[in-house]
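Everything below concerns the one structure shown next.
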Amino acid sequence: MANNQKPYHFLFHSFCFLPKANFDGQEREEEVILRVRAHPVTQIYWLINSVFFLLIIFLLNIFYGFFLKSNQIFFINLFFLAIIFSYFWFNFVHWFYNVGIVSNKRIIDMDFPYLLYKEVTMTMLKNIEDITAKSSGFLSSFFNYGDVFIQTAGTEVNIEFIKVPKASLVVKIINDLLKNLK
Amino acid sequence: MNVNDFLNNRFLLDSAIKIFGIVFSALYILFSIVVYRQVKTMHQTLKTSQGGLIIIISFFQVLLSLFVFLVAILIL
């Protein structure tokens, strides 16, 4: 499938076709066809929160001078700026590494929902029974993102790609891979 | 003792700020180290071209936390 096609990326690498990426447990003949992350617009809340916290710190500085010394004001500002940076960074890393991967052999969902917690779910392409793309609401329609549900045979775990861009295209790519399998 | 008495007692206020500063900056060091380890684990699971830069920024966060701790001890 990927022989005649060029790599491309959308939306801050939240949708990557033929990315230069490898994953743990990748086989020698295995090629990553698609890598998806949550649509960037779904991450706006922590960006807005970070700006809001910065504004609060700025405003609080007006009141610090009444009862704190300059070295204490410096430390408090430094500490809270470091905390805001950590909040921003943790949320970015959480978004960056929660990915769905489609290779020429299987589909993998990598989740790191909490600190020190890793969840990797994978299924072979041949075990896929049904693929569904769901998109509901104004924002998901306007920004073209949705959920992709991959149902597998029998008792195997199902895989979900949540709030990914171009959910219909993701389904199409997986369907094309399945056709090539047969 | 009410809030005004507490704020007007200079020694008590300075001591409270120093203790809180040291304790919370120490906790922040632990948090930053955990995040750094988590990022390294994530990078081993999913290797990307930006992975090196992300690890460097996470390590910078650890250095930042150490700096905050030193400021709490030396300047406060």
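Within every chain, numbering begins at 1; the chains are lettered A, B, ... in the order of the sequence lines, protein sequences first and strands thereafter.
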Which atoms of A:Tyr117 approach chain B - backbone, side chain, both or neither, heavy atom under 4.5 Å: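 Looking at A:Tyr117, just its backbone touches chain B.
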Under 4.5 Å from any heavy atom of chain B, what part of A:Val120 do you find: side chain, backbone, both or neither?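 For A:Val120, the contact with chain B is made by the side chain alone.
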Are there residues of residues 84-106 of chain A whose heavy atoms fall under 4.5 Å of chain B's heavy atoms? If so, which?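 Within residues 84-106 of chain A, the residues under 4.5 Å from chain B are A:Phe85, A:Ser86, A:Trp89, A:Phe90, A:Phe92, A:Val93, A:Phe96, A:Tyr97, A:Val99, A:Ile101.
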Considering only heavy atoms, give the residues of residues 132-145 of chain A separated from chain B by less than 4.5 Å, sorted numerically, with 'none' for an empty result.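 None at all.
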Sequence neighbours left out, what passes ring pair (Phe, Tyr, Trp, His ring centres under 6.0 Å) with A:Phe80? Give chain and number order.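 Residues passing ring pair (Phe, Tyr, Trp, His ring centres under 6.0 Å) with A:Phe80: none at all.
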To the nearest 0.5 Å, tell me how far [X] [atom1] sits from [Y] [atom2].
{"X": "B:Phe20", "Y": "A:Ile76", "atom1": "CZ", "atom2": "CD1", "value": "11.5 Å"}
{"X": "A:Asp24", "Y": "B:Lys47", "atom1": "CG", "atom2": "NZ", "value": "6.0 Å"}
{"X": "A:Gln72", "Y": "B:Ile17", "atom1": "CD", "atom2": "CD1", "value": "4.0 Å"}
{"X": "A:Asp111", "Y": "B:Thr45", "atom1": "CG", "atom2": "OG1", "value": "11.5 Å"}

Can you hop from [X] to [Y] via hydrophobic side chains spaced under 4.5 Å?
{"X": "A:Leu78", "Y": "B:Phe31", "value": "yes"}
{"X": "B:Leu63", "Y": "B:Ile54", "value": "yes"}
{"X": "A:Phe15", "Y": "A:Ile44", "value": "no"}
{"X": "A:Val164", "Y": "A:Leu18", "value": "yes"}
{"X": "A:Leu54", "Y": "A:Ile48", "value": "no"}

Answer with side chain, backbone, both or neither: which region of [X] has an atom nearer than 4.5 Å to a non-hydrogen atom of chain A?
{"X": "B:Gln44", "answer": "backbone"}
{"X": "B:Phe24", "answer": "both"}
{"X": "B:Leu64", "answer": "side chain"}
{"X": "B:Ser58", "answer": "both"}

Is a salt bridge present between A:Lys69 and B:Asp14, judged by a nitrogen-to-oxygen distance below 4.0 Å?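 Between B:Asp14 and A:Lys69 there is a salt bridge, with a charged N closer than 4.0 Å to a carboxylate O.
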Kindly check if the number of other-residue, nucleotide or ligand heavy atoms within 6.0 Å of CZ (A:Phe63) is above 12?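 No, because the 6.0 Å sphere around CZ of A:Phe63 holds 12 heavy atoms or fewer from other groups.
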More than 12 heavy atoms of other groups within 6.0 Å of A:Glu27 CD: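 Atom CD in A:Glu27 is crowded, with more than 12 foreign heavy atoms closer than 6.0 Å.
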So do the side chains of A:Phe112 and B:Gln38 get within less than 4.5 Å of each other, counting heavy atoms only?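 SC-SC contact between A:Phe112 and B:Gln38 confirmed.
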Side chains of A:Arg35 and B:Thr48: closer than 4.5 Å at any heavy-atom pair?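 In short, these two side chains touch, coming nearer than 4.5 Å.
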Out of B:Gln50, B:Arg37, B:Lys18, return the one with the most heavy atom pairs under 4.5 angstrom to chain A.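 Max contact count across the listed options: B:Gln50.
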Contacts with chain A made by residues 68-76 of chain B (heavy-atom distance under 4.5 Å), listed by residue number: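 Against chain A, the residues of residues 68-76 of chain B that fall inside the cut-off (heavy atoms, under 4.5 Å) are B:Val68, B:Val71, B:Ala72, B:Ile75, B:Leu76.
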Quick one about A:Lys118 and B:Thr41 (side-chain donor to acceptor, distance below 3.5 Å, no hydrogens or angles considered), yes or no?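 No, because no side-chain N or O of B:Thr41 sits under 3.5 Å from a partner of the opposite role on A:Lys118.
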